[in-house]
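Working notes, structure below.
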Amino acid sequence: MPELPEVETIARGVHQRLSGDRIVMAWFGSHREPFKTPPARQAKGLEGRAILSVHRTGKHLVCELGPGLPNAQGTTSQTAEKLISRDKKRQGTTSVVPKVQQGKCGALAPVERSSAQWIVHLGMTGRLLVTTPDAPLAPHTHARLSLASGRELRFVDPRRFGRLEWRELGRTPAFQAAGIDPLTIASEKFYRLFHRPHTPIKAALLNQKLLSGVGNIYADESLFRSGIRPRRLSGRLTRAELEALRLALRQVLEDAIRLGGSSVSDYVDADGVRGFFQLEHCVYLRTGLPCRRCQTPIRRIELAGRGTHYCPRCQH
DNA sequence: CATGTTTCCTGACAGC
DNA sequence: TGCTGTCAGGAAACAT
């Protein structure tokens, strides 16, 4: 299931391959979920747009899109053309705004300001794949974006817990995560955030309004690495314990990103490649197996409706 | 208000 | 073999 490290891996892969490309045509194959914005409106909005960049916010993938300009082949669809002319009339100022980006080596590159966003949440089983147009179509493919480069970006999601959302900036505010990014949260902020007297620490870790990006795997793994039992009430943890947890969480997420994420269930990155962090798991899905640190069998309980794994000897 | 519970959805797998 | 039942879970909706 894609959590922060998996989404980060996919975002980097898609960004590397697709930034600078342009969406020629958008196809949406299902009329029900997973659409947060009606599919027809998403298709209209996406066609003709340049992909400026792709990045991760919490567990969401955000594609920053340029204004809808005619594509290289001159095959811009009617819907896209309508959108372009309307945009030009409405607000010429936000169309192309040349900006200067200060690179690390002092290089200057013109940067277009994003005028729209396509936001992808992968849910449990969502996959975002860069393919050739003739690649066999996986079952449960809900979206196909054909690109000026001749490739396709596909969204596949068997369980349909994923969500696709379209935002036209100016009309709608830019996407923001509800909580704070666990990779960058400061010590004091983390301490105050988790000072909740009635919430088990694991439930708090999973709450996306507090931190954005932690799911079941990395909640269990960070609690093991900091030696804290999942049922402990977060407000009763000491300052030292919460600091240990913050550092363990950051480390486990960074390690996982380095290994391309955890491939449990059927997670793959934008090229269909599996991650390797599942080999480093200490407790997640290791019920009954000996603890890597003390050999005590890993215990499984249910907490906040989720399978929860911990070592009864290493975690207090 | 802050927690806990249910719901959505399909594939994988166990057991008969 | 093929059927049924159970389980997995992110986050919204609903209940306590």
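Quick note on labels: first sequence line is chain A, next is B, and so on, each numbered from 1. Remember, it's a predicted structure, so these values are computed and weren't measured experimentally. All values below were derived from every heavy atom in this structure, side-chain atoms included, with hydrogens, water molecules and symmetry-related copies excluded.
A residue-by-residue look at A/Pro200 and A/Pro139 shows that A/Pro200 has its nearest nucleotide of DNA chain B further toward the 5' end. Residues A/Phe161 and A/Thr199 each lie close to DNA chain B; by heavy-atom proximity, the contact nearer the 5' end of the strand is made by A/Thr199.
For the 3.5 Å distance criterion, the side chains of A/Trp118 and A/Gln42 qualify, holding a donor opposite an acceptor.
Five base pairs at each end of the helix from B/dA2-C/dT16 to B/dC16-C/dG2 define two local axes, and these are offset by 50° (rounded to 10°).
Between the C1' atom of B/dG4 and the CG atom of A/Leu233 lies a distance of 14 Å, rounded to the nearest Å. Remark: P of B/dT5 and CZ of A/Arg306 are 12 Å apart, rounded to the nearest angstrom. The separation between A/Phe194 atom CZ and B/dA2 atom P is 15 Å, rounded to whole Å. One interatomic measurement links the two molecules: CD of A/Gln208 to P of B/dA2, which rounds to 18 Å at whole-angstrom precision. The CG atom of A/Leu303 sits 8 Å away from the P atom of B/dG4 (whole-angstrom rounding). Regarding A/Asp157, its CG atom lies at a distance of 12 Å from the P atom of B/dC9, rounded to whole Å. Per the geometry, CG belonging to A/Leu206 stands 14 Å off P belonging to B/dT5, to the nearest Å. Atom pair A/His142:NE2 and B/dT10:P shows a separation of 9 Å (rounding to whole Å applied).
Between A/His140 and B/dG11, a side-chain N or O to OP1/OP2 separation shorter than 4.0 Å is present.
Contacts of A/Tyr218 with the nucleic acid, taken as non-hydrogen atoms under 4.0 Å apart, are absent. Heavy atoms of A/Gly215 sit nowhere under 4.0 angstrom from any nucleic acid atom.
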_As a quick check of understanding, evaluate salt bridge (Lys or Arg N to Asp or Glu O under 4.0 Å) for A/Glu47 and A/Arg49, giving each step before the final call._
CA-CA 6 Å; A/Glu47 287 176 358; A/Arg49 301 260 184 182; over 6 Å; no
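Counting only residues at least two apart or on different chains, the salt bridge (Lys or Arg N to Asp or Glu O under 4.0 Å) pairs with a member in residues 207-221 of chain A are A/Lys202-A/Asp220, A/Glu221-A/Arg225.
The environment of NE2 in A/His55 is crowded: more than 12 heavy-atom neighbours from other residues, nucleotides or ligands sit within 6.0 Å. Within a 6.0 Å radius of CD in A/Glu254, other residues, nucleotides and ligands contribute more than 12 heavy atoms. Atom CD of A/Gln176 sits in a sparse spot, with 12 or fewer heavy atoms from other residues, nucleotides or ligands closer than 6.0 Å.
Judged by the 6.0 Å distance and 45° axis criteria, A/Arg239 is positioned over the aromatic ring of A/Tyr191.
Counting 5' to 3', DNA chain C first comes under 4.0 angstrom of a heavy atom of chain A and last does so at the ends given by C/dA8 to C/dA11.
A salt bridge links A/Arg12 with A/Glu8; the closest basic N to acidic carboxylate O contact falls under 4.0 Å.
Closest to the A/Pro158 side chain, of the nucleotides B/dT3, B/dC9, B/dT10, is B/dT10.
Aromatic pair A/Phe28/A/His142: ring centres not closer than 6.0 Å.
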